[in-house]
2 protein chains.
Amino acid sequence: MYSKNRTIDEIRKFNRFYTVNMGFLSSNYFGSDYSIAETRILFEIMTQGICIQSDIVKLLHIDKSYLSRMISRLCKKGLVEKRKSKHDKRAVEIMLTETGKSESEKLIALTNRRIESQITELSSDKCDKLCAALCTVMTILDKEKD
Amino acid sequence: MYSKNRTIDEIRKFNRFYTVNMGFLSSNYFGSDYSIAETRILFEIMTQGICIQSDIVKLLHIDKSYLSRMISRLCKKGLVEKRKSKHDKRAVEIMLTETGKSESEKLIALTNRRIESQITELSSDKCDKLCAALCTVMTILDKEKD
DNA sequence: ATAAAAAGTTGACAAAATCCACTAAATGCA
DNA sequence: TGCATTTAGTGGATTTTGTCAACTTTTTAT
């Protein structure tokens, strides 16, 4: 089918463009003290509020042992707190500490500045078009919609 | 400025969506024997034909020593061939071997199937909209345009 | 002519990620 | 109710990935 193949090519082209453009290939998340994965984990915990590790595993599709270690590390750094779940004694509830919250905020601010520097010269018209396009992509590709 | 901040938020949201959706976070490029980086390198050499390492470094923004080792590895696997450049005696020309070409083709076919499985249920109308949106994003964000 | 820059290689590491086996608790089901 | 299966998490061992700096050789620029 023609449009399918064209779409696949377009997605591959986009992936190539986007991984380089956003710097996902060289993965030191630009100067910040946190890796992409750490950043994502912090962000997810922040938006979830209180959650358990397997929530994050499902959300981010990462290895559970990897996450376990990551969480321990974030605990040691004082950004995350663990406690036994009452409902499920296997599970460990995790949440951000106050330090964790403020660090996450800083981290977000940092990425914001980085992104801002990539779009400084865009007119507000182009910004609107970009937002609309990104939104379209997400809506069309989102699996968990219905 | 309002539209800038909204745009930044939208890009961040998109990044979160896209890294998970495309599986860039758990980086074993889905069953294939090659990592994302290797895949990208093979693809670039294929599209460049004959090139030198620093071309790839510039294209993908990766560390030159990392690439150097990567290339050596791909040579050992028989996918890439090196030879001294005539014009520039510092440089090493690199190109795909026949095996390298066919492996790259297979690799592309594999990613294509993976992507296809993500868009099977899309109508051709949605495909068109998706392509247009991706294209818009690239056009607006592309730095090396002018 | 000579200093600076560019291409690539190598060593030494550090960080990231995976695989596997294991414990303990919860769930399914017959 | 009892037993098998699944789920949540941990820790060991290892591999893969990526970084940094030092060094050689060649080219470029002034």
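So that the names make sense, note that chain A is the first sequence line, chain B the second, and so on, each numbered from 1.
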_Under 3.5 Å, is there any donor-acceptor pair linking the side chain of B/R69 to the base of C/dG11?_
yes

*asked:* I need the CZ-P distance between A/R83 and D/dG9, as an integer number of Å.
replied: 14 Å

*In terms of ring plane angle, is the pair A/F14 and A/Y18 parallel, tilted or perpendicular, where the classes change at 30° and 60°?*
parallel

*Would you check if A/R6 and B/C127 make a side-chain contact, meaning some heavy-atom pair closer than 4.5 Å?*
no

*Select base, sugar-phosphate, or nothing to describe what B/L67 touches, counting heavy atoms under 4.0 Å on all strands.*
nothing

*Donor-acceptor pair between B/D63 and B/S65 side chains, under 3.5 angstrom*: yes

*Are any of the side-chain heavy atoms of B/T111 and B/F43 separated by less than 4.5 Å?*
no

*Given B/E44, which of B/T39, B/L59, B/I94 fulfils the side-chain contact (heavy atoms from CB on, under 4.5 Å) condition?*
B/L59

_A/D63 CG to D/dT16 P, straight-line distance once rounded to whole Å_ = 16 Å

_Minimum-distance nucleotide to B/S54 side chain [options: C/dA25, C/dG8, D/dT26]_ = C/dG8

*Check every atom of D/dT27, C/dA26, D/dT17 against the side chain of B/D88 and return the nucleotide holding the closest atom.*
D/dT27

*Please tell me which of A/R90 and A/E38 maps to the more 5' nucleotide of DNA chain C, matching each residue to the nucleotide holding its nearest heavy atom.*
A/E38

*Using a 4.0 Å heavy-atom cut-off across all strands, classify B/K64 as base, sugar-phosphate, or nothing.*
base

*Side-chain N or O of A/S35 closer than 4.0 Å to phosphate OP1/OP2 of C/dA16*: yes

*Length of the line joining B/K86:NZ and C/dA7:C1', which is rounded to integer Å*: 18 Å

_With a cut-off of less than 4.0 Å, is there a side-chain N or O of A/Q53 near OP1 or OP2 of D/dT10?_
yes

*5'-most contact on DNA chain D: B/R73 or B/S65, nearest heavy atom basis?*
B/R73

*Answer with base, sugar-phosphate or nothing: what part of the nucleic acid does A/K82 contact at a heavy-atom distance below 4.0 Å?*
sugar-phosphate

*Grab the CD1-P distance between A/I36 and C/dA15 for me, whole Å please.*
16 Å

_Counting the atoms with a prime plus P, OP1 and OP2 as sugar-phosphate, which does B/K58 contact under 4.0 Å by heavy atoms, base, sugar-phosphate, or nothing?_
sugar-phosphate

*Give the rounded distance in Å between these two atoms: CD1 of A/I52 and C1' of D/dT10.*
15 Å

_Can you measure B/H87 atom NE2 to C/dG8 atom C1' for me and round it to whole angstrom units?_
17 Å

*asked:* What is the separation between atom CZ on B/R40 and atom P on D/dT17, rounded to the nearest whole Å?
replied: 16 Å

*Specify the separation, in whole Å, of atom OH of A/Y34 and atom P of C/dA15.*
14 Å

